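In what follows, chains are A, B, ... by sequence order, proteins preceding strands, each numbered from 1. Nothing here was measured: the structure is a model prediction, and the numbers come from that model.
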Number of protein chains: 8
Amino acid sequence: MDRDKLKELLESVAAGNTSTASALERLRALPFEDIGFAKVDHHRDLRQGHPEAIFGAGKTPEQIVQIMARMREKGSNILVTRCSSDAVASIVADFPDAQYHEAARAVTLVTTPMQQREGYIAIVCAGTSDLPVAEEAAVTCEFNGNAVKRVYDVGVAGLHRLLGQHETLTKANTIVVCAGMEGALPSVVGGLVDVPVIAVPTSVGYGANFGGLSALLTMLNSCATGIAVVNIDNGFGAGMLASMINRIAGTAR
Amino acid sequence: MDRDKLKELLESVAAGNTSTASALERLRALPFEDIGFAKVDHHRDLRQGHPEAIFGAGKTPEQIVQIMARMREKGSNILVTRCSSDAVASIVADFPDAQYHEAARAVTLVTTPMQQREGYIAIVCAGTSDLPVAEEAAVTCEFNGNAVKRVYDVGVAGLHRLLGQHETLTKANTIVVCAGMEGALPSVVGGLVDVPVIAVPTSVGYGANFGGLSALLTMLNSCATGIAVVNIDNGFGAGMLASMINRIAGTAR
Amino acid sequence: MDRDKLKELLESVAAGNTSTASALERLRALPFEDIGFAKVDHHRDLRQGHPEAIFGAGKTPEQIVQIMARMREKGSNILVTRCSSDAVASIVADFPDAQYHEAARAVTLVTTPMQQREGYIAIVCAGTSDLPVAEEAAVTCEFNGNAVKRVYDVGVAGLHRLLGQHETLTKANTIVVCAGMEGALPSVVGGLVDVPVIAVPTSVGYGANFGGLSALLTMLNSCATGIAVVNIDNGFGAGMLASMINRIAGTAR
Amino acid sequence: MDRDKLKELLESVAAGNTSTASALERLRALPFEDIGFAKVDHHRDLRQGHPEAIFGAGKTPEQIVQIMARMREKGSNILVTRCSSDAVASIVADFPDAQYHEAARAVTLVTTPMQQREGYIAIVCAGTSDLPVAEEAAVTCEFNGNAVKRVYDVGVAGLHRLLGQHETLTKANTIVVCAGMEGALPSVVGGLVDVPVIAVPTSVGYGANFGGLSALLTMLNSCATGIAVVNIDNGFGAGMLASMINRIAGTAR
Amino acid sequence: MDRDKLKELLESVAAGNTSTASALERLRALPFEDIGFAKVDHHRDLRQGHPEAIFGAGKTPEQIVQIMARMREKGSNILVTRCSSDAVASIVADFPDAQYHEAARAVTLVTTPMQQREGYIAIVCAGTSDLPVAEEAAVTCEFNGNAVKRVYDVGVAGLHRLLGQHETLTKANTIVVCAGMEGALPSVVGGLVDVPVIAVPTSVGYGANFGGLSALLTMLNSCATGIAVVNIDNGFGAGMLASMINRIAGTAR
Amino acid sequence: MDRDKLKELLESVAAGNTSTASALERLRALPFEDIGFAKVDHHRDLRQGHPEAIFGAGKTPEQIVQIMARMREKGSNILVTRCSSDAVASIVADFPDAQYHEAARAVTLVTTPMQQREGYIAIVCAGTSDLPVAEEAAVTCEFNGNAVKRVYDVGVAGLHRLLGQHETLTKANTIVVCAGMEGALPSVVGGLVDVPVIAVPTSVGYGANFGGLSALLTMLNSCATGIAVVNIDNGFGAGMLASMINRIAGTAR
Amino acid sequence: MDRDKLKELLESVAAGNTSTASALERLRALPFEDIGFAKVDHHRDLRQGHPEAIFGAGKTPEQIVQIMARMREKGSNILVTRCSSDAVASIVADFPDAQYHEAARAVTLVTTPMQQREGYIAIVCAGTSDLPVAEEAAVTCEFNGNAVKRVYDVGVAGLHRLLGQHETLTKANTIVVCAGMEGALPSVVGGLVDVPVIAVPTSVGYGANFGGLSALLTMLNSCATGIAVVNIDNGFGAGMLASMINRIAGTAR
Amino acid sequence: MDRDKLKELLESVAAGNTSTASALERLRALPFEDIGFAKVDHHRDLRQGHPEAIFGAGKTPEQIVQIMARMREKGSNILVTRCSSDAVASIVADFPDAQYHEAARAVTLVTTPMQQREGYIAIVCAGTSDLPVAEEAAVTCEFNGNAVKRVYDVGVAGLHRLLGQHETLTKANTIVVCAGMEGALPSVVGGLVDVPVIAVPTSVGYGANFGGLSALLTMLNSCATGIAVVNIDNGFGAGMLASMINRIAGTAR
């Protein structure tokens, strides 16, 4: 029941066509769905081309294609993450205008491009192995209408490369930093800038990295201020969070 | 070596009083400190009343008072977190204009009040036991010049209280959510709003909460988008991150 | 806004005293709280003497007494768990009709006794050290109007004592089993009966019990069917769950 | 030694054909097996068509088929869980009347249908990835003679869908809730109803979900009352526990 | 129901005073307890002076003294482990013939000394901090009638001291080895002898020893053969296991 | 340097052919190896047909066959554990008299059979999935000259089957108990007998069994006495430990 | 900006061609990169044939070959670790002078051999399964110009083999010790020598070794002095650390 | 049996006073102790004033004083770590020439000062809370005859302070770096220098630092080369390792 129907019901009561008892019953029976829908409406339905995301891992190519078809009918822009090569083949066959982002293991299908925001998001990563996570974050940001500047391959062991990108970092509205192994990079970046740093631990490494746990704990215990941590390898989540922060920024600084 | 000294050195070279070899040597010997100071300078020294924070836990009252004295000489506004009652007594004795925030276990000493920003930060917590962490976040936000709206005692088991504060949540620039035990509150809040939610796991609970680990994992694995996680009980870190995000927002939405 | 107020509002619309626009606004502004309260109402407010529980750990005696005073005004029956001796002293001083259950570390204050249900709940524990948790469960069950049969000190190392209580176990509507150390007792009980067994791991033990983790994992991995696990030392939660199951049972079997 | 043999022995003693010493010896030699069997008898053998379950994982198709053959001879209804496609092929070839439940990865072979109970069990799950676990629970419930209502795809991020099923939830005798990632759904459901909620953590997710640990800890630490937790991905165990609870309920509420 | 009562019942049946139906009923009603007691009887009641142990930790002095009084009435020899100094004072006051073993934090009260066995058990420990655990094992062994040879302060860092005790080790029937920190001593001892080595990890150490976890894992992963591991700090359990093994040995080797 | 060479050296000194200084030098240079070999000698070389074991996991068929060839030259009996089917094929091709134990995934090659000891070892396991571990233990025991009695498929959920084997258990010199999932079986067996129980946690199970951790912790925390724990899935280690204990037993009891 | 450019800038200031303000600006704009490069320069660029390492795991053969080509252009000596057989094939095809170290899973490509240092590094390992890690360390040491002495297959269970290599150990400048399972070997070696022992836990083992965690904790908790621990299976890191220590040693001792 | 006795025995054999058989017997009986003592002798007894260390934690003041008295008789220099204030009082009372190092919680008692080595060890720490660990390392180094340069309060969040000490770091023979919380400092230092960096994780921090685990994992996973990790808070171990490395260095670099 959306806002219109709610209004209609109240008018019907006002007109004497519906008893208060009956209205009470209807209101009690379906209340949350109405209000819930209203919220969704506000956030997503008000404009065409709103974005939708599909987590591709653990879904068959057929399932992904079916979900995409339903979404496209609603006019949504679509982002598929964690795509297997089989899934990519199926998608491209069914949606020739879909775009495959290989390094990010992602596909986008854009009907109505998002309006570009001012300002940009910096995406930083330590090593080439962290690249798939960093690119997932970057593609997510771009898909949501944000400009992105990539600062890759700047691990703490070669601090000079990071420091050489000082200006790019300090002028961003927010920075996503992906790092595996010891995961120290967000702390160092956080010490250089005064904007929020979104730290993404990656599962890159071996032995006592315990699948990304070492980098995760490092980031949670950072002594730098302004560090926001997301789940291990969660480039998509970091990109969404960065998009929200960048949307808040009225103007580029 | 600060900016003035660097300029002086270059002028001395220009004047022929210092050889290039000798200048090169001096620059190589101390380069990072100079530039480092420059950075700090830019961020903090350019205006009076810049804020400084002291982590009070594990410091004696004497140590805290000494550090405060040094900071005050520089004209800094000061925030002391995790204050024991002994520390509070010592601080108030030496700094009569210090303000004690009992629920937050924090003290502030403000020389030059920060300029108030437009917009506000919402601070949400589940139960009364989470209050010290929530208040540490709230005091940190206020100390940094942000307006705060408190939404307390709204656990997921009594969802109606949370939903009743719907408008307060959706109009905030960012929301800090503190929760212990199962830590599900940030996911629920994240499903209601489209601004960044800063999730603070607290150590509240017992048994298989493992000192806050359960809430921490819950928050890292949230299926809602826009969730930024900080360390267990880290109200200060959440407050600093919220302040950075609120500063980015040019205007209240 | 409770059910009466909602009805009143609708009647006011029907009477033409409130415009549909204004009613819509009021309904949208507070919708969830209304419905929430309605739910709470249904569950709790419809009859006098409804029960309320306070988790005493980490609350001062003053806080506990204040909360109790507010609850009593509403006519609630009150259960306070995890009471320190200081808290007990304060409570008894202010509420002379409160009853202290020493072994359970709990206090009850009953205004209108719950109607007793048919059938009973069996509470089983392995050793005397598990007794506080078992008694917390037992007192919780009794407070909620259930008959309880205690089967204590029946660890797996002395299986004969447990088996001697066979009939008491098989005739219960549900059984709460508390065990620390290796926590094997619920598996054994679960193999003897065909009613739900609520397994409560306790933190009793040392070394590789890791504060109850060993018993918790044992119970989660039980090869017996019908085992429901709750948090470590959570006698209250087990008692509430048992009460719900016993309430479902229409008649004693 | 079954009940008949025990009676026979006693009659032989009564008739003077067996000395008490000799009877004592025989009773001491085999006592547990006798009594054990008696118990099993009471629970299972008294009626035809009693159900038996086989955990299919880690068993070869041949092993499964052999066990099924032995069970069918006893007239048992049979449930096989965690079936590989190879196992399904073998089973269907040998038992043409077996029914394959693809989504649940389970096979049932029903000789004498269970009598249907009044009332129903609700099965809730958050996302499509949790479906195999939810279906395993649902099939287990149905196999044991329970009506089931499925409430799928109602994650906490889209609360309105869950709330729209409010009535289905509140009228169930018990509810099974399957959720991976942060596992917050059982807490939310538990806040809406006053029947036992059986929480099944699933291994769905990645990174810091540590194979389902995050959801497990969330559920164990739930601040809602009436939450019963089972092992990660244990849909079968949840279904058995729900069946026991539903059997206790004399009538639908 | 003990053995005499069972015999009595059978005689009553034989005499025609009890019907077989009635006897069957009584046997079915209490069967396990009878047989259970029979077992206990066989192991413990057949001889005077059988040993009983009390785990003193978490028991009040009064509780310990009461349990001891009950045991003494049965003529048991008594061992109390993990005694606080308060408990010791109470025990000695009530039982003047009790013996306090300070290093082991244990008390023994021996009415009828156990018959000494041939052969001996070696107790080995690495450092002086492991001594309380080693002494608990030693006192337990002696209390159960075993000769003990102590080989203390022989850590792996000073291998020569251990090797100097080579003969004492190789002639023992079994060896208890207590070690904290890295816990490598059992592996080294196990490489020197061909009798069972009972490895007791101790919680001695700090940091990444995680309360004894490091030593525990070391011992479980030992590449030496014949290593039996018990719980962290479980000197009593090691002593009981060693006593069982030494009892099996018919003669000293 | 073996015993003969050592004797030879001393005779050479005695004969004046070697100076004491030179002998001292030679003794210091190689001392440990000599003595080490002496020890090995004592344990293994003194009789023909001494047993040797090869851990097959992670070795190529070629490596295994080469090691076996070298061992056979020394006249050793050989046990290969954790054999892949490829390894079995290679071994059988090269050593036609080798015997393959399929259920144990092991191969034995016996040149001179070990003398059979009196008494026997009982091997107990809970479910059919624990069988490979139990059989590895059984084959290891038999290979070392011990009689074995197998008591399989006696999980705690069907206690009557275990209790029906009471006599087999109580007459064994020691008992190996293999169990996965909750791992409670050793506690129950330990409560029935008074001989050492060797507990082998298996990795059987899923979810919160964490690869055998749950069973391991259960066994370490057992409240029964006389429980000796070995590594997860370590049937070989349990078999070796049982063999040592059985060797100590002079006579069957 | 490298050292030459910095000098040039200063000379330009000295010559009056660049204003101090402009120089200040340029220095502030790029400072870190300059100084960073200077550091790298100092460490690596000053001599031909400096070594570079590539972590081969997770890189495609093409990626490895491309990186090698770029490095060779700079005249670097190259070490590739963790090489798959595919990668080895590609490398050897493109760089016929590359040398494959099979046991170490590594490839070296040496243009200008490093000058050999005096003294040597001992590499010790417990079992043949630890060999790949030990060889990775050995090849890394040799690649960096160090002599290596291998002491393999000397586990603590056969102490005599280790002790027989006493002199080789005591004369080394540093010792790398690789061990899996219980990881006790570094403690034993550390007790024999007075040079730094670099302990490398390996993931060799099963069950409660938790992928090398057991050996890691053992080594961190070693009671021997002079133990330096690196990550699990990190033979390369151990080799680099050993090389640094050996470089410090001016002469062999 | 020391070297003299061994020589004596051989001479006795040479003189015909001892038969080879008897000598063989004596050599076999006590061999390890002899050789063991020889080793100890070589390392420690050959010179006066050799250092000895006592781990003070968990020892009573009386125990510490007694051990010190015995050590002093041998002429040893003594270092006591982890001293309680009670212990310090007792020590100073009995040994007036003992020196108390308050920040390090350590006492030294030097009879014959160690000869000072050339070159120095740098000790770095991040925050003032890490100071006790850093000072324990520093005092240990100095006690062993090494010069120390302290570089304190140089956390990664204020990189400029660290970089300002660049020269002190690069000229050290080895560097001890103590850091808690995220523990990133050793990675950063390791990227700046080419000498071994000894990383000491400290337990400083809260929440998800899990008592130092976060810093420990960070350091083990460092992507910088030349990082040697020791146990959490193990300043003494780091100091001993640094001393060994500095001793290897023939000359200052």
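- No more than 12 heavy atoms of other residues, nucleotides or ligands shown are found within 6.0 angstrom of CD on G:Gln115.
- Annotation: the span from F:Lys59 atom NZ to G:Thr128 atom OG1 amounts to 5.0 Å, rounded to 0.5 Å.
- Here the shortest heavy-atom pairing between F:Ile232 and G:Ala208 reads CD1-N, 3.7 Å.
- Under the 4.5 Å side-chain criterion, counting only non-hydrogen atoms from C-beta, G:Tyr206 is in contact with F:Asn231.
- At distances below 3.5 Å, not a single donor-acceptor pair connects side-chain atoms of F:Asp233 with backbone N or O atoms of G:Gly207.
- The six-membered or imidazole ring of G:Phe210 lies away from that of F:Phe210, with a centre-to-centre distance of 6.0 Å or more.
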